[in-house]
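Let me begin by presenting the structure, written as structure tokens, before commenting on it.
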Number of protein chains: 2
Amino acid sequence: MPRSGAGARRRLQQAALELYRERGFDRTTTAEIAARAGVNERTFFRHFPDKREVLFDGEADLRAALMQEVADAPDGLQPLDVLLHAFRKAGRVLEENRPFSEPRLELIAKTPALRERDAAKGAYLSEALAEALRRRDVSDQLAGLAAHTGWATFHHAAQAWIDDPAQSLDAHLLQAFDDLRILFATVPATRARSES
Amino acid sequence: MPRSGAGARRRLQQAALELYRERGFDRTTTAEIAARAGVNERTFFRHFPDKREVLFDGEADLRAALMQEVADAPDGLQPLDVLLHAFRKAGRVLEENRPFSEPRLELIAKTPALRERDAAKGAYLSEALAEALRRRDVSDQLAGLAAHTGWATFHHAAQAWIDDPAQSLDAHLLQAFDDLRILFATVPATRARSES
DNA sequence: CTACTTAGCGCCAGTGACTGACATTCAGGG
DNA sequence: CCCTGAATGTCAGTCACTGGCGCTAAGTAG
């Protein structure tokens, strides 16, 4: 291999995250990112298909990890418990990479174009999770539904974690899945919470 | 007002839907859409902020309608039943406009760029629904969670309707919300379904 | 009927994301 | 020391999208 190889890729991601946070996503050009990373603008597009994708590089790994965890989850669990099991393991990666994942999620939350990409990634991941569930004993109908609602719950927990970093992501995750069950309680549980 | 006003807008939407279906979204230029609609390319961007948005015009109306239905839903319903109530009413609009909404959803499903926008619209709508729920007796935590999972279920039902138009959207909707409850049954209900 | 206002529109120049084609450079194998 | 290939640089080009300016036609007041 010539000069750097994977080094340029990491520098591009770092430069992009910095510039997006400094000037905002819209007021940052791909030429500026490349310049800060010390490479040509064309090289940027050799590593990433577009200006947004540079912040979503770990998605393939995350998807693979989640699908593996779904496959490896103990038998006899309900679909949503299988997903919770997988999310808790994946959540660890997010918490360990906190200095990178927190500013990243914060930036995404405040940038419409990045929220859009994030939502799309969530949809793709949901379908992957549905496929992973189908490879277990989950029917076609329930797999898709469980995957989408499960992902929505995970995303909800991740957002709660950003808004309230005092508690761990894992705690927010457990809280969200507990709340999910409250939604299906026979007696409207919302009264009890709002009466306080 | 001059010449046409809202007429040009409708022609642009129609032309865009046609061209996207004929040549595909990527191989259609905004200039071509404008030409078929009989206006200048600049006029396209006066009516729609970008090339994708031309297919998502009804979103504001849908959001307003859904929020209104949530507000008007009978008292004492659980959050997810409130949402189901709203979705059933909104679903009627989709079924009545079937000749427009069906090819549109089909096109969106097969075009990555449009799926991305669709996912983003869903996220925005979910937040609007959460806000509408908070204006009822639903707590902050549960509102967001219910809105996101409820929307995921609605989206799931809409996709099932496209894949299987034999049954009505309303039927798919009821089916999806029933399945959602199965996911929380104490005994894993997935076995019963996959045994058949 | 005329003058004035204004909302849409056409036209033009420009920026920036992204792509294809070709030349170049540097690492490692023979 | 040459040679092959992967990563990069360079250049030209397309297309989405924007700001500015002038035009035209529909309503409105007199």
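The chains referred to below are lettered A, B, ... by the order of the sequence lines, with proteins before strands, and numbering in each begins at 1. Side chains included, hydrogens not; waters and symmetry mates left out as well; all remaining heavy atoms used.
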*asked:* Quick check for you: among C:dG10, C:dC18, D:dT18, whose closest atom lies nearest to any side-chain atom of B:Phe45?
replied: D:dT18
*Just how far, in rounded Å, is C1' of D:dT14 from CG of A:Asp50?*
17 Å
*Using side chain to side chain donor-acceptor pair (under 3.5 Å) as the criterion, list what pairs up with B:Arg36, not counting sequence neighbours.*
B:Glu18, B:Glu22
*For B:Asp72, what residues pass the side chain to side chain donor-acceptor pair (under 3.5 Å) criterion, not counting sequence neighbours?*
B:Gln68
*Whole angstrom is fine here: how far is it from CZ in B:Phe48 over to P in C:dG8?*
13 Å
*Gap between atoms CD and P, on B:Glu41 and C:dG10 respectively (whole Å)*: 11 Å
*Taking atom types as modelled, find out whether A:His156 and A:Asp179 have a side-chain donor-acceptor pair closer than 3.5 angstrom.*
no
*side-chain contact (heavy atoms from CB on, under 4.5 Å) with B:Ala123: which residues, sequence neighbours excluded?*
none
Side-chain polar contacts of residues 51-58 of chain B - donor-acceptor pairs under 3.5 angstrom, sequence neighbours left out - could you list them?
residue	atom	partner	partner atom	Å
B:Lys51	NZ	B:Phe25	O	3.0
B:Lys51	NZ	B:Thr28	O	2.8
B:Arg52	NH1	A:Glu116	OE2	3.1
B:Glu53	OE1	B:Arg117	NH1	2.5
B:Glu53	OE2	B:Lys121	NZ	2.6
B:Asp57	OD1	B:Arg9	NH2	2.6

Expected rows: protein N/O vs nucleotides 11-13 of chain C N/O, under 3.5 Å:
residue	atom	partner	partner atom	Å
C:dC11	OP2	B:Asn40	ND2	3.3

*Phosphate-side-chain proximity, B:His47 and C:dC9, N/O vs OP1/OP2 below 4.0 Å*: yes
*For B:Phe44 and D:dA16, what is the distance between atoms CZ and C1' respectively, to the nearest whole Å?*
10 Å
*asked:* Checking B:Arg21 now: which residues fulfil side chain to side chain donor-acceptor pair (under 3.5 Å) with it, not counting sequence neighbours?
replied: none
*Contact list for DNA chain D against residues 103-117 of chain B - heavy-atom distance below 4.0 Å*: none
*Quick one: A:Leu12 CG to C:dA17 P, roughly how many Å, whole number?*
14 Å
*asked:* Short of 4.0 Å, heavy atom to strand atom, which residues of residues 24-38 of chain A count as contacting DNA chain D?
replied: none
*Between A:Lys51 (NZ) and D:dA16 (P), how many Å, whole number?*
17 Å
_Measuring only between side-chain heavy atoms, which start at C-beta, is A:Phe154 closer than 4.5 Å to A:Leu84?_
no
*Can you pull the side chain to side chain donor-acceptor pair (under 3.5 Å) pairs that have at least one residue in residues 101-115 of chain B, sequence neighbours excluded?*
A:Glu127-B:Arg115, B:Arg98-B:Glu102
*By ring-ring contact (aromatic ring centres under 6.0 Å, His included) - contacts of A:Phe177 (at least two apart)*: none
*All side chain to side chain donor-acceptor pair (under 3.5 Å) counterparts of A:Asp81, not counting sequence neighbours*: A:Arg181
Review item, side-chain donor-acceptor pairs of residues 158-165 of chain B, under 3.5 Å, at least two apart:
residue	atom	partner	partner atom	Å
B:Gln159	NE2	B:Asp163	OD1	3.4
B:Asp164	OD1	B:Ala166	N	3.3

